[in-house]
Participant: 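To start, I am sharing the structure in question, which I have written as structure tokens.
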Protein chains: 2
Amino acid sequence: MIINKSSPVPQYFQLQTWLMEQIEQGILKHGVQIPTEKELGELTGLARATIRQAVGNLVNKGYLIRKRRLGTFVQDRQNETEKRTIIGILIPDIRSGYAPELARGTEDEAAKHQHSLILCNTDDLYMKAEHHADRLIKAAVSGVILIPTSHSYEKNRLIIEMFTKKDIPVVLADRTIPEIEIDHVTTNNFDGAYELTSYLIQRGHRKIAIILSERISTEKERLKGYRAALGDHDIPSDSSIVISDAGPFDQEHYQELIRGLLGHRGDFTAVFAGHDRIALIVYSIAHEMGLTIPDDFSLVGYDDLPYVSIKLTTMHQPIYEMGQESLKLIMSRIQGDGVASREIVLKAHLVERSSVRNNEMNL
Amino acid sequence: MIINKSSPVPQYFQLQTWLMEQIEQGILKHGVQIPTEKELGELTGLARATIRQAVGNLVNKGYLIRKRRLGTFVQDRQNETEKRTIIGILIPDIRSGYAPELARGTEDEAAKHQHSLILCNTDDLYMKAEHHADRLIKAAVSGVILIPTSHSYEKNRLIIEMFTKKDIPVVLADRTIPEIEIDHVTTNNFDGAYELTSYLIQRGHRKIAIILSERISTEKERLKGYRAALGDHDIPSDSSIVISDAGPFDQEHYQELIRGLLGHRGDFTAVFAGHDRIALIVYSIAHEMGLTIPDDFSLVGYDDLPYVSIKLTTMHQPIYEMGQESLKLIMSRIQGDGVASREIVLKAHLVERSSVRNNEMNL
DNA sequence: TGAATATTTTTGTATAGACAAATAGACATT
DNA sequence: AATGTCTATTTGTCTATACAAAAATATTCA
């Protein structure tokens, strides 16, 4: 190693750069002693003060550590990675649906890995999501769990790119985005809806109404499962009792749709609500109209939300586990897994309560 | 300023300390030029290299900034505060009760102030709380919102001290801790319970059962309000229908207690549930036993939890606002408000639904 | 053998002096 | 008025030297 005395770059800086390269290229590894100041003096022909300046700067930056009488040693710069122990979660609203359960599963798993969780509510708005993404990047999160919004796939992609540009791994939870290679965790929505629909059919229901929003990937799958089950049982689909474009969840809008549906009750004997919150609205509207469940019609939901006080037969989704698995994927990416994007599909299972009437004898 | 040449503490360190004190005591303010190296040399009698070492260290630490030809200036250490834009929230369980609403209010307000929110679930366990506190401190949060656990005031204090030792402001939300000077936000639990009890009395109820846990500060206040209302209406308290030591919320335990209470139904015409989750259990146990509300007995709750599908008359607590106000208190502390500890009391209001029967004619 | 002591090495602290580089501000030039 | 040049000042870089302090190692002594 030669110091260029005529270079405009300071000699201490030349030495400092040289040492840093050695460390970063792994030539000088953690714990290894670098030459003593005297030796460096002989090597470079520089005065000890100059050498001290170079080494001192690297000590300040955390690359080296000096030990009196023993020498100067290479330090593992674990500080940086140690500081970055935060994961972000972008969720539409922590108050709604399964969000608390998901957040809890994620946080518990994060805690196991000594990580913290930053909670961001997007309200399905691009502006808010962007704003949060910006701050998450500034906070140097080491990974992000995203529940894609139902509004625009394009916008979701933009958000994802904000992170991937900075090499921050992203995992999608529950919902997916088409045509994008990214780790994601879902449940078997098709199979679940198939099972749930078959359950209704087995209990003698042939006129099964359904209400959900096709625009959301999970509900789209459920609609497919519903149709497949009907088809396999040779039941023709009746489009008048299929509301598949209900749009993103909006209390009032759904109330209206459901009032409309319950208006011509002769057309169905059971209602498949796209998820439990829809089922709750169906229940309350039915109550309003003086109808009782399952006597006047049967009702099933999807999710198995906690703290639901009605006896709703529904598909239990392993939301807590979804949070856990999402975080595990993030952790494996953080630890440098370079494998292709992975998909984890968890299994939902039917929870039988008492919102479905057995109509078999009526057949 | 005199350097003690015979002191065992290095002279550069003496100078460095002196300069730092000047800055931290505000004698040398942001932007002010400190004496030039030459002047410091004359002042202290030290060699320039020694002075450079002292000043250099402070430059490294970010206290000073050197400008060639111009001199050395005091730097506002805003980097740190700029990076620290994270608030922690310690909550028993994000899934339960009003936690999501509180988290949402907090997060929205934090976003307004360009801050992020780290969510920590403690499960009311000291071990978990300590663990989270540790990591929040390492993550350099600039403030913490704590929902005290019901288990032990001592333990809560320990957690608070972990933060205050590091000058991290703490705000208590909802529940309070006695004998501790700290910012907190609550609702008027006494007045609310008084109003709610009076409401029942006005509707002809004189035998009002209550179930809650006195160990939780909020519920203790509610019990007092309940008793005050009874007293003011000259209704003697019947201890056989007062369950005030139900302990921290535990689904199964409460189910048992409520089954016991509903066993001797002649003793009361209304039940005051300490909070909505208790009310939901009362409702479902009543349902199990074939009782209907409000026909067989009346029921009121406290909280006004969202997504409750029964028509429960209850006190609406401004939980979202509580989250907002808590965060505002934190922000004012961050901005250096040194005032004495503050208490914000928000107002709850009665939400009349249909779980209370008007018994007035029966009197 | 084991404890006390001395030696040696390496970083830590400190001095004195020199020239380089940047630049605000004064001054000169176009 | 705009631009270029000079100057003084301050920090930036660098050398050479000296003694201090810590600590591993060798040596001495009881």
Side-chain angles (χ1 to χ4, degrees), chain A residues 1-20 22-23 28 30-76, chain B residues 1-20 22-23 28 30-76:
Chain A
M1 197 246 340
I2 307 146
I3 296 290
N4 184 353
K5 295 234 175 197
S6 62
S7 160
V9 12
Q11 296 166 63
Y12 82 92
F13 197 81
Q14 292 181 43
L15 174 58
Q16 180 182 331
T17 307
W18 180 77
L19 282 169
M20 222 165 96
Q22 303 277 305
I23 294 167
L28 290 173
H30 169 73
V32 168
Q33 181 177 14
I34 67 165
T36 65
E37 293 175 353
K38 197 179 163 192
E39 286 167 345
L40 281 174
E42 285 158 6
L43 268 165
T44 59
L46 296 175
R48 191 174 153 227
T50 309
I51 286 156
R52 285 208 113 237
Q53 188 173 5
V55 172
N57 285 341
L58 292 179
V59 168
N60 261 324
K61 286 189 183 175
Y63 286 96
L64 298 174
I65 183 163
R66 288 205 263 227
K67 291 182 186 170
R68 220 173 226 194
R69 147 76 222 209
L70 296 178
T72 304
F73 301 85
V74 176
Q75 181 88 332
D76 253 350
Chain B
M1 195 244 341
I2 306 145
I3 296 290
N4 183 353
K5 295 235 177 197
S6 62
S7 161
V9 11
Q11 295 165 62
Y12 82 92
F13 197 82
Q14 292 181 42
L15 174 57
Q16 179 182 329
T17 308
W18 180 77
L19 283 168
M20 223 165 94
Q22 302 278 305
I23 294 168
L28 290 173
H30 168 73
V32 168
Q33 180 176 14
I34 67 164
T36 66
E37 293 175 353
K38 197 180 164 192
E39 285 168 345
L40 280 174
E42 285 159 6
L43 268 165
T44 59
L46 296 175
R48 190 173 154 227
T50 308
I51 286 157
R52 285 208 112 239
Q53 189 173 6
V55 172
N57 285 342
L58 293 179
V59 168
N60 261 323
K61 286 191 185 174
Y63 286 95
L64 298 175
I65 183 162
R66 288 206 262 229
K67 290 184 187 171
R68 224 173 221 191
R69 147 73 226 213
L70 295 177
T72 304
F73 302 85
V74 176
Q75 180 87 335
D76 250 351

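Each chain gets a letter, A, B and so on, in the order the sequences are listed, and its residues count up from 1. Keep in mind that what you see is a predicted model, and the values were worked out from it rather than measured. When reading the values below, keep in mind they use all heavy atoms of this one structure, side chains included, and skip hydrogens, waters and symmetry mates.
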Participant: For B/R69, which residues count as a salt bridge (charged side-chain N to carboxylate O under 4.0 Å, His left out) partner, sequence neighbours excluded?
Facilitator: none

Participant: Counting neighbours of CZ on B/F13 that are heavy atoms of other residues, nucleotides or ligands and sit closer than 6.0 Å, is the number greater than 12?
Facilitator: no

Participant: Under 3.5 Å, is there a donor-acceptor pair between the side chain of B/Q53 and the main chain of B/Q11?
Facilitator: no

Participant: By nearest heavy atom, map B/I51 and A/R68 onto DNA chain C; which one lands nearer the 5' end?
Facilitator: A/R68

Participant: Check for a donor-acceptor pair, side chain of B/Q16 on one end and backbone N or O of B/N57 on the other, with a separation under 3.5 Å.
Facilitator: no

Participant: Considering only heavy atoms of chain A and a distance under 4.0 Å, specify the first and last nucleotide of DNA chain C in 5' to 3' order that meet this criterion.
Facilitator: C/dT8 to C/dT13

Participant: To the nearest angstrom, how far is B/K67 atom NZ from D/dT11 atom P?
Facilitator: 12 Å

Participant: If you pin A/L46 and B/R69 to their nearest nucleotides in DNA chain D, which one's is more 5'?
Facilitator: B/R69

Participant: D/dC14 P sits how many Å from A/K5 NZ, rounded?
Facilitator: 9 Å

Participant: Regarding B/K38, tell me which of base, sugar-phosphate or nothing describes its non-hydrogen contacts under 4.0 Å with the strands shown.
Facilitator: nothing

Participant: Taking 4.0 Å as the cut-off, does a side-chain nitrogen or oxygen of A/T50 come that near to OP1 or OP2 on D/dT13?
Facilitator: no

Participant: Starting the side chain at C-beta, find the nucleotide from D/dA21, D/dA24, D/dT15 nearest to A/A47.
Facilitator: D/dT15

Participant: Measure the CG-CD1 distance between B/L46 and B/I3 for me, rounded to the nearest 0.5 Å.
Facilitator: 5.0 Å

Participant: Between A/Q53 (CD) and D/dG12 (P), how many Å, whole number?
Facilitator: 10 Å

Participant: Rounding to an integer number of Å, can you tell me how far B/I34 CD1 sits from D/dT10 C1'?
Facilitator: 12 Å

Participant: Please report the distance, rounded to the nearest Å, between CZ in A/R52 and P in D/dA16.
Facilitator: 17 Å

Participant: A/N4 has an atom CG; how far is it from atom P of D/dT13, in whole Å?
Facilitator: 16 Å

Participant: Using whole Å, report how far CG of A/L15 lies from C1' of D/dT15.
Facilitator: 15 Å

Participant: Identify the heavy atoms of A/I51 and A/L40 that sit nearest to each other, and give their distance.
Facilitator: CD1-C, 3.6 Å

Participant: Considering non-hydrogen atoms only, spot the tightest contact between A/A54 and A/Y12 and give its length.
Facilitator: CB-O, 3.3 Å

Participant: What are the two closest non-hydrogen atoms of B/L64 and B/V74, and how far apart are they?
Facilitator: CD2-CA, 3.9 Å

Participant: Below 3.5 Å between N/O atoms, which protein atoms pair up with nucleotides 17-19 of chain D? Just atom names and distances, please.
Facilitator:
unit_1	atom_1	unit_2	atom_2	d
D/dA18	N6	A/R48	NH1	3.3

Participant: Grab the CZ-P distance between A/F73 and D/dA24 for me, whole Å please.
Facilitator: 10 Å

Participant: Between B/Q14 (side chain) and B/N4 (backbone), is there a donor-acceptor pair under 3.5 Å?
Facilitator: yes

